[in-house]
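Small disclaimer: the values here were computed from a predicted structure and weren't measured. Lettering follows sequence order; numbering is per chain, from 1.
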Protein chains: 2
Amino acid sequence: MQRARIFRIESYLQHLTELREAGRGTVTSEELANRVGLSSSRVRQDLLSLKVEGKPRTGYKISDLEILLYSELDLLREKAMILVGCGNLGRALIFSGIWEHSGFSLKAVFDTNAQVVGSILNDHTVRHMRELHGVVRSESIAAACLTVPAAAAQDVANMLVNAGIRAIWNFAPVDLKLPTTIIVENQRLEQGLMTLSYAMKEIQHVASSH
Amino acid sequence: MQRARIFRIESYLQHLTELREAGRGTVTSEELANRVGLSSSRVRQDLLSLKVEGKPRTGYKISDLEILLYSELDLLREKAMILVGCGNLGRALIFSGIWEHSGFSLKAVFDTNAQVVGSILNDHTVRHMRELHGVVRSESIAAACLTVPAAAAQDVANMLVNAGIRAIWNFAPVDLKLPTTIIVENQRLEQGLMTLSYAMKEIQHVASSH
DNA sequence: TAGATTGTTAATCGATTAACAATC
DNA sequence: TAGATTGTTAATCGATTAACAATC
């Protein structure tokens, strides 16, 4: 499962950043494994496949590891992104810190609501959707964050593809039907809730089985 | 990997709902598999473990399947939830449709900002954090959605645990340190971006290898 | 040096797929 | 009946863990 490996790498990165900020220079596979909840064997296997080198007795150099993991996920090369849909969720993302080391930089934001178009959100002037095509072309936008209502999601996605977007980060609870060449990453918030529901049921079972 | 199975079940549910809304009464393992991108064998194995029964030649009854999957994730028993942090993200969730079949019902929302406390968001009057403890106790709140700034997340999480909360749906990019009996489901939005970054790099590699 | 930790291979484990008799 | 699809077992595949010689 390739996806599981990516999630592990993201997890490593998060803890490596914490360790570096705590002033640490090196980390062993054992310590990193403990922090992310894996076996040291698993960690060493992952690092093996990335060809990073460590030293017996001292472990891995954190800065080496970070650079390697960053480049594995291609987070160092910034891809131009736009955001469509400046409702509450769109605003939350525009003002959030997620853009910092994510591999993307937010270049423009769009909406259709006349009350919102023209306003400024975290230094971005909200543009009308009719400008979308031109901006995507002139600024070589590679990806879009889609935070419009579910009912509009498919139409807007089609517009994005027509404009030349290659990848969509989709927050609408809709299965977008798009050419297979387009990369879609669905961020299904309700899945988190369902997973929580299941976890709570499990705990209850364990507790009540005494 | 237990988590992968839960995600499959969530995925089945989504497509079963679509099929039912399209007027369909039954579905074969083959069709469901095609829709969610799995093998029919995998689907039958999952259904086998849930003890659902189908009929050769016609497949599975959609309504049976839905009820079974709903109860497997415990989505039919509504757990009382609160939301803490009525910023953009909190508002997005308060106004969203995710609460409908998620196993939770939103009972109260909280903030500390005097400008927000007292206002009404989708029928919920925003309460001050000092009311938290009392509300959790008197309304038997089981879970909380945490949408406060990262810097406040650990403190608020501690308050939630003190008040008696058993589970937290955490949107702050912070590793909460809590008793092991507390269930934490982290919703790491930046992971979606990183995954997208990696997927775009992969596609590029495939494309450029011609 | 002694011993902790890497790098890597082999063993194990679990998840997925194939296969097919049962059956509607 | 004929044949499509289930239910389930066995085979395969891949991911995880164990183990340990190499080495700093």
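Within residues 30-39 of chain B, no residue has a heavy atom under 4.0 Å from DNA chain D.
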Could you walk me through whether Glu53(B) and Tyr60(B) pass the side chain to side chain contact (heavy atoms under 4.5 Å, CB included) test, one step at a time? CA-CA 7 Å; Glu53(B) 285 186 6; Tyr60(B) 302 87; over 6 Å; no

Test side chain to side chain donor-acceptor pair (under 3.5 Å) on Tyr198(A) and Glu10(B); report intermediate values, then the result. CA-CA 11 Å; Tyr198(A) 179 79; Glu10(B) 289 166 355; over 6 Å; no

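Few gaps surround NZ on Lys177(B); more than 12 heavy atoms of other groups in view lie less than 6.0 Å from it. The 12-atom threshold is exceeded at CD of Glu139(A), counting heavy atoms of other residues, nucleotides or ligands nearer than 6.0 Å. The environment of Glu18(A) atom CD is dense: over 12 non-hydrogen atoms of other residues, nucleotides or ligands sit within 6.0 angstrom.
At the heavy-atom level, Ser40(B) lies nowhere under 4.0 Å from the strands shown.
When each of Arg5(B), Arg8(B), Lys51(B) is paired with Glu72(B), the salt bridge (charged side-chain N to carboxylate O under 4.0 Å, His left out) condition holds for Arg5(B) and for no other.
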Contacts under 3.5 Å, N or O only, protein and nucleotides 19-22 of chain C:
unit_1	atom_1	unit_2	atom_2	d
dA19(C)	N6	Arg44(B)	NH2	3.1

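Within the structure, a side-chain polar atom (N or O) of Tyr60(B) is placed less than 4.0 Å from OP1 or OP2 of dG7(D). For dT17(C), neither phosphate oxygen OP1 nor OP2 lies less than 4.0 angstrom from any side-chain nitrogen or oxygen of Arg42(B).
A distance of 5.0 Å separates CG in Leu16(A) from CG in Leu65(A), rounded to the nearest 0.5 Å.
Checked against dC24(D), dC24(C), dT6(C), the side chain of Arg57(B) finds its nearest nucleotide in dC24(C).
Each end of the helix from dG3(C)-dC24(D) to dC24(C)-dG3(D) gets its own rotation axis from five pairs of C1' atoms, and the angle between them is 10° to the nearest 10 degrees.
Side-chain atoms of Ile94(A) and Cys86(A), non-hydrogen and from C-beta on, do get closer than 4.5 Å to each other.
Nearer the 5' end of DNA chain D, as judged by each residue's closest nucleotide, is the contact made by Thr28(B), out of Gln45(B) and Thr28(B).
Using a distance-only test at 3.5 Å, with no hydrogens or angles considered, no donor-acceptor pair links the side chain of Ser71(A) to the main chain of Asp74(A).
Residues Val116(B) and Val126(B) share a closest heavy-atom pair of O-CB, 3.6 Å.
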